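Here's the structure we're looking at; comments come further down.
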Amino acid sequence: MQYIVSIVLLMMSILTISAEEITTNNLITNGNFETGNTNGWTTNGDVQVLNDCCTLNNVASNYDLEFGDSGSIEQQFNLTTDTITQAMLDNGITLDSTVEVQNGECGVAGCWGGSGNADTFTITLKIKDSDGNVLATSTKIRTDVTNINGANFTDSLTYNGQDSNLGNLNIAGTDANAPSNIGGEN
């Protein structure tokens, strides 16, 4: 069984008129699933949080999110805050995302978790306007096999136009050997 020890440290860098860069803290709610559930996320398909985890980015963790045959999680978040204004966002924004994934089912050397084709996981970042229209998007589809501790996958999306107001993160996983009892990534 693979474990998608998730997740998500999503940070935003904003360029202002004076070229000052401001970096926020994590914008994702319940990014490490330590609540024991998927609160803050919209789930689709075969997705569950289990109390069988490990260490996440050198921090003890009790929970991880696991994809079964096929599923996804998604979260949308505001880019404006008490200190980040729309005018500041209109000068450019970069979303940086780091997702920790454990993917061990594979048919290649170094595989530790199962057999068959490597499972597929997809990480999509979007920047939207206040009406939800997509202004910029980045999608990375991966079949990387990790060791038992997982690996970090970093993605970035920059938008230098006007009206950016919302960020969106979607993480999806598919078991290459579905249906099976092993499941997809964690």
Side-chain angles (χ1 to χ4, degrees), residues 1-11 26-57 61-77 95-128 132 134-157 166-186:
M1 180 180 265
Q2 295 80 29
Y3 304 95
I4 190 170
V5 176
S6 285
I7 274 239
V8 180
L9 301 173
L10 186 63
M11 299 179 71
N26 192 358
L27 298 174
I28 295 292
T29 301
N30 192 21
N32 60 5
F33 304 102
E34 286 303 303
T35 58
N37 55 45
T38 57
N39 288 353
W41 294 91
T42 300
T43 63
N44 183 29
D46 190 3
V47 176
Q48 60 184 324
V49 175
L50 298 177
N51 183 6
D52 67 350
C53 198
C54 41
T55 299
L56 171 63
N57 292 316
S61 178
N62 295 311
Y63 297 93
D64 66 340
L65 181 117
E66 299 187 8
F67 293 112
D69 288 347
S70 179
S72 66
I73 59 172
E74 184 170 19
Q75 191 169 136
Q76 186 161 283
F77 45 90
L95 296 180
D96 294 316
S97 169
T98 299
V99 178
E100 185 170 338
V101 177
Q102 187 184 44
N103 188 18
E105 189 169 54
C106 59
V108 298
C111 175
W112 56 265
S115 61
N117 295 325
D119 295 338
T120 301
F121 59 99
T122 304
I123 301 169
T124 303
L125 287 170
K126 294 180 184 176
I127 297 173
K128 300 179 178 184
V134 176
L135 303 173
T137 189
S138 168
T139 300
K140 300 290 170 73
I141 301 169
R142 297 178 170 105
T143 55
D144 301 61
V145 174
T146 69
N147 66 28
I148 191 88
N149 296 320
N152 288 335
F153 295 90
T154 301
D155 297 296
S156 186
L157 176 62
L166 301 169
N168 184 280
L169 173 66
N170 182 292
I171 305 167
T174 302
D175 182 359
N177 301 302
S180 73
N181 60 2
I182 295 177
E185 305 80 5
N186 302 347

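Remember, predicted model here, so these are calculated numbers, not experimental data.
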Exercise. Would you give the length of the straight line joining atom CG of Leu125 to atom OG of Ser138, rounded to the nearest 0.5 angstrom?
Key: 5.5 Å

Quiz item: Hey, is the main chain of Asn37 close enough, under 3.5 Å, to the side chain of Asn30 for a donor-acceptor pair?
Solution: yes

Practice problem: Spell out, as yes or no, whether a donor-acceptor pair under 3.5 Å connects the side chain of Asn168 to the backbone of Lys126. | Solution: no

Quiz item: Among Thr139, Thr124, Ile123, Val99, which residue meets the side chain to side chain contact (heavy atoms under 4.5 Å, CB included) test with Asp155?
Solution: Ile123

Exercise. Go through the steps to decide whether Lys140 and Phe153 satisfy the test side chain to side chain contact (heavy atoms under 4.5 Å, CB included), and finish with yes or no.
Key: CA-CA 10 Å; Lys140 300 290 170 73; Phe153 295 90; over 6 Å; no

Quiz item: Between OG1 of Thr42 and CD of Gln75, what distance do you get to the nearest 0.5 Å?
Solution: 8.0 Å

Exercise. Would you check if Phe33 and Ile73 make a side-chain contact, meaning some heavy-atom pair closer than 4.5 Å?
Key: yes

Practice problem: Spell out, as yes or no, whether a donor-acceptor pair under 3.5 Å connects the side chain of Asp46 to the backbone of Asp69. | Solution: yes

Quiz item: Which atoms form the tightest heavy-atom contact between Asp144 and Phe121, and what is the distance?
Solution: O-CE2, 3.8 Å

Self-check item: Approximate separation, where rounding is to 0.5 Å, of Asp64 CG and Asn32 CG
Solution: 11.0 Å

Quiz item: To the nearest 0.5 Å, how far apart are CG in Leu166 and CG in Leu135?
Solution: 9.0 Å

Quiz prompt | Taking every non-hydrogen atom, the tightest pair across Asp96 and Ser156 | solution = OD1-OG, 2.8 Å

Quiz prompt | Nearest-0.5 Å distance that lies between atom CD1 in Ile28 and atom CH2 in Trp41 | solution = 4.5 Å

Practice problem: Could you give me the CA-CA distance, side-chain angles and deciding distance for Asp119 and Thr174, then say whether side chain to side chain contact (heavy atoms under 4.5 Å, CB included) is met? | Solution: CA-CA 6 Å; Asp119 295 338; Thr174 302; over 6 Å; no

